[in-house]
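Notes follow the structure.
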Amino acid sequence: MSTEAPKMKPENDDLVQVPSMLGEVQSHPGIAAHDDVFGEMSEGGPNYRDVGWLGTVALMMKTQIGLGVLSIPSAFDTLGLIPGLICLLVIAAITTWSDYMIGVFKLRHREVYSIADAGGLMFGKVGKAFFGSAFVLYWIFVAGSGMLSISIALNAVSTHAACTAIFVAVAAIVGFVFGSIRTLGKMGFLAWGGLFCILTAILIVTIAVGIQDRPASAPATPGPWASDYKIIGNPSFTEGITAVSSLIFAYAGTPAFFAIVSEMRDPQYYTRSLLCCQSGVTSIYITIGTVVYYFCGSYVASPALGSAGAMVKKVAYGFALPGLIVTTLLVIHLPAKILFIRILRGSKHLSSNSAIHWITWLSCTASITIIAYIIASAIPVFDGLVSLVGALLGTLMSFQPMGCMWLYDNWKAGRGGADPEGTGKLTRGSKRWIGMVVWCIFVISAGTFCMVAGTYGSVVGVVDSYRASGGSSAWSCADNSNSS
C-alpha cells in the first residue's frame with residue numbers, strides 16, 4: 001500500500017506556480033482570472049497582463065533611451081573618452097543587476113507593483129510613502145523635461161514659428177491624451193515607433209558629424225579642422241560628478257521596470273527581455289557617445305542633436321519628435337498608474353469599465369500632466385533643476401533599493417541544507433552569500449555617494465546657471481532651440 005499523501009488539485013489551474021531558477025518569473029501563459037495586483041480581471045475590463053516579451057523590450061528600451069542619451073557626448077567631454085566609457089560600463093553593470101533584482105523580487109512577492117510596494121515590504125508604511133512619493137515626483141519632473149524637449153523640437157523644426165509657451169502646452173495636451181491609454185500592452189507599438197524615431201535621429205546626427213568638415217559651433221578657421229577630443233579629462237569634482245550623474249540618468253528607467261514586469265503576459269521572459277534591452281542600450285550609448293564626441297570634441301552640443309548644423313538639426317528633431325512624445329506619454333502614464341492603483345486597489349473598479357474607474361484614471365493622468373506642465377513652464381533654470389532631481393531621485397531609485405531587496409530576501413537565509421522550495425535563496429555564511437552581501441553593500445554605498453555628491457554638483461550648477469542667465473521668466477515665448 002502506498003503511503004504517499006493524495007495530491008490535491010488546485011482550485012484554479014491558472015494560478016499554479018512552479019519552482020523557478022533565480023531571476024525567472026513564471027506564471028501560466030494564459031490570462032489569469034485573478035492577479036495579486038489588479039484583482040479579478042473580467043473579459044469586459046482592461047487586460048493589464050498583455051505585454052509580450054518583445055513589447056517588454058520596447059518599453060524597457062524606451063524608458064532608458066530618451067532624454068539621457070542626448071547628454072552622453074557632453075559627459076564624455078567632461079570626463080574624457082576613456083574615463084567616460086569606464087563610468088558608463090560600470091553604471092550599466094550595476095543598473096543591469098538592479099533591473100534583474102526587480103524580476104527576482106517580483107517572483108517572490110507577487111503583490112508588488114511598484115517600488116513603493118517594495119519599500120513597504122522592506123521598511124513598512126514609512127518606506128512605502130517615501131519611495132512612492134519619490135517615484136511620482138521623479139517621473140513628474142522627467143515628464144516636464146519631456147514636454148520641454150518637445151517644445152525644443154517644435155521650435156527647431158518650425159524655426160520658432162510660435163511662442164514656446166504654446167508648444168509646451170501642445171506637448172502637455174498630447175502627453176495627456178496618449179498617456180491616458182490604460183494598459184502598457186497597448187503602448188507596445190508606440191514604444192517601438194518612438195524607439196525607431198529617436199534612434200534614427202541620433203544616427204543621422206552621428207553620420208552627419210562624421211562626414212562634415214567641422215561641428216556647427218566650431219570656429220571657422222583656415223585649413224582643415226581637427227577635433228580636440230580628450231582621452232582623459234581634467235574636470236573639477238563638481239563637473240565630474242555632474243557628468244557621472246548624467247550617465248546614471250541615462251540608465252534611470254529602472255524604477256519603471258516594476259510596472260512593466262507586472263503587466264507582462266508571460267513574466268517568465270522578463271530576464272530575456274532585460275538582457276536584450278540592456279545590451280542594446282549600452283551598445284547604442286557607447287557607439288553614439290564615442291562617435292559624436294570623437295568628431296565634435298569640446299564643440300559637441302547639448303542636447304547632441306544640434307551638433308551637426310541647422311539643416312541636420314531640423315531633420316534630426318523632425319525624426320526625434322515622435323520619440324520624445326512617446327517618452328513623455330510613458331512618464332505621464334507611470335506615476336498616474338501608481339496613484340490609480342493606490343486609490344482603487346482592492347476595489348472592483350480597478351479592473352472594470354465603470355464610471356468611477358474612468359473618472360479616477362483620467363483624474364490621475366490629468367493631475368500628473370498639469371503639475372509637469374507647470375514645472376516645465378514656470379521654473380527658471382529648468383535644465384539644472386531636472387539634473388538635480390535626476391541626481392537625487394533617479395540614483396536613489398536605481399541603486400539603493402535593489403541592494404536592500406536582496407538583503408531583505410536573503411539576510412536570514414537558512415544555515416546548511418538545500419533550498420527545498422526552489423526560491424534560489426543562498427545558504428547563510430557561504431562564500432557566495434558573503435560575496436553577495438559585500439556586493440549589495442557596495443551598490444548601496446556607491447548609490448548613496450553618487451546621490452549626495454551628484455546633488456551637490458547639480459545645486460552648484462543651478463546656482464551658476466541662474467546667475468549667468470540673470471533669471472529667466474516663466475511661460476516665456478523666447479526660442480529655446482537657438483534656431484531663429
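Note that this is a predicted model, so its numbers are computed, not measured.
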Inset, instruction - Evaluate the side-chain contact (heavy atoms from CB on, under 4.5 Å) criterion for residues L362 and T365: first the C-alpha distance (whole Å), next the side-chain angles of each, then the deciding distance (0.1 Å), finally the verdict. - result: CA-CA 5 Å; L362 294 177; T365 54; 4.3 Å; yes
Inset, instruction - Would you sort out whether R108 and Y408 count as a side-chain contact (heavy atoms from CB on, under 4.5 Å), showing the intermediate values? - result: CA-CA 11 Å; R108 295 173 179 168; Y408 176 82; over 6 Å; no
Legend entry - Derivation and outcome, side-chain contact (heavy atoms from CB on, under 4.5 Å), residues I248 and F399: CA-CA 10 Å; I248 294 175; F399 284 67; 3.9 Å; yes
Inset, instruction - May I have the step-by-step check of side-chain contact (heavy atoms from CB on, under 4.5 Å) for M61 and I284, ending in yes or no? - result: CA-CA 11 Å; M61 292 187 72; I284 291 168; 4.2 Å; yes
Inset, instruction - For ring pair (Phe, Tyr, Trp, His ring centres under 6.0 Å), just list the numbers for W439 and F442, CA-CA rounded to whole Å, side-chain angles, deciding distance to a tenth of an Å, and then say yes or no. - result: CA-CA 5 Å; W439 168 257; F442 165 74; 5.6 Å; yes
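Y285 contributes a side-chain N or O that, together with a main-chain N or O of A250, makes up a donor-acceptor pair within less than 3.5 Å. At distances below 3.5 Å, not a single donor-acceptor pair connects side-chain atoms of T395 with backbone N or O atoms of L392. Under the 3.5 Å distance criterion, the side-chain polar atoms of W433 are matched with a main-chain donor or acceptor of N410. No donor-acceptor pair closer than 3.5 Å links the side chain of K106 to the backbone N or O of S262. Here the side chain of S145 pairs no donor or acceptor atom with the backbone of F141 at under 3.5 angstrom.
Scanning all heavy atoms of the two residues, the minimum distance from S245 to G454 falls at OG-CA, 3.3 Å. When every heavy atom of T290 is checked against every heavy atom of F76, the shortest pair comes out as N-CE2, 3.8 Å. When every heavy atom of V281 is checked against every heavy atom of Q64, the shortest pair comes out as CG2-CB, 4.0 Å. The shortest heavy-atom contact between K62 and I65 is NZ-O, 3.0 Å. Residue A143 comes nearest to A372 through the heavy atom pair CB-CB, 3.8 Å, listed as atom of the first residue, atom of the second, then distance. Annotation for Y48 and E263: closest pair O-CB, 3.0 Å, computed over non-hydrogen atoms.
In this structure, L121 and D117 have side chains that are not in contact, with every pair of non-hydrogen atoms separated by 4.5 Å or more. The closest side-chain heavy-atom distance from P401 to F131 is below 4.5 Å. In this structure, the side chains of L81 and Y294 stay at 4.5 Å or more apart for every pair of heavy atoms. For the pair I198 and T327, the minimum side-chain heavy-atom distance is 4.5 Å or more. Under the 4.5 Å side-chain criterion, counting only non-hydrogen atoms from C-beta, V51 is not in contact with R265. Taking 4.5 Å as the limit, some side-chain heavy atom of R182 sits within range of a side-chain heavy atom of N353. Side-chain atoms of T254 and M397, non-hydrogen and from C-beta on, never get closer than 4.5 Å to each other. Q268 places none of its side-chain heavy atoms less than 4.5 Å from the side chain of T271.
Residue W406 is tested with V437, I444, V443 for a side-chain contact (heavy atoms from CB on, under 4.5 Å); the sole match is V437.
Atoms OG1 and CG, from T360 and L339 in turn, are 11.0 Å apart once rounded to the nearest 0.5 Å. Taking CD1 from I115 and CD1 from I102, the interatomic distance works out to 7.0 Å, rounded to the nearest 0.5 Å. Interatomic distance, I241 CD1 to T78 OG1, rounded to the nearest 0.5 Å: 12.0 Å. Considering CZ of F340 and NE2 of H333, their distance stands at 9.5 Å, rounded to 0.5 Å. We find the OH-NZ distance between Y293 and K230 to be 4.0 Å, quoted to the nearest 0.5 Å. Put simply, CD1 on I356 and CD1 on I343 are 12.0 Å apart, with the number rounded to the nearest 0.5 Å.
In F237, the CZ atom is crowded: over 12 heavy atoms of neighbouring residues, nucleotides or ligands sit closer than 6.0 Å. Around atom CZ of F319, no more than 12 heavy atoms belonging to other residues, nucleotides or ligands sit under 6.0 Å away. Open room surrounds OH on Y229; 12 or fewer heavy atoms of other groups in view lie less than 6.0 Å from it.
For S398, there are no side-chain hydrogen bond (donor to acceptor under 3.5 Å, both in side chains) partners at least two apart in sequence or on another chain.
Annotation: cation-pi pair R272/W53 present, NZ/CZ under 6.0 Å from the ring centroid and within 45° of its normal.
The list of salt bridge (charged side-chain N to carboxylate O under 4.0 Å, His left out) pairs with a residue in residues 137-150, not counting sequence neighbours, is empty.
A donor atom on one side chain and an acceptor atom on the other are found under 3.5 Å apart for H349 and S354. A donor-acceptor contact under 3.5 angstrom links the side chains of Y251 and T282, judged on distance only.
Between W139 and F135, the ring planes lie perpendicular to each other; the angle is over 60°, past the 30° to 60° tilted range.
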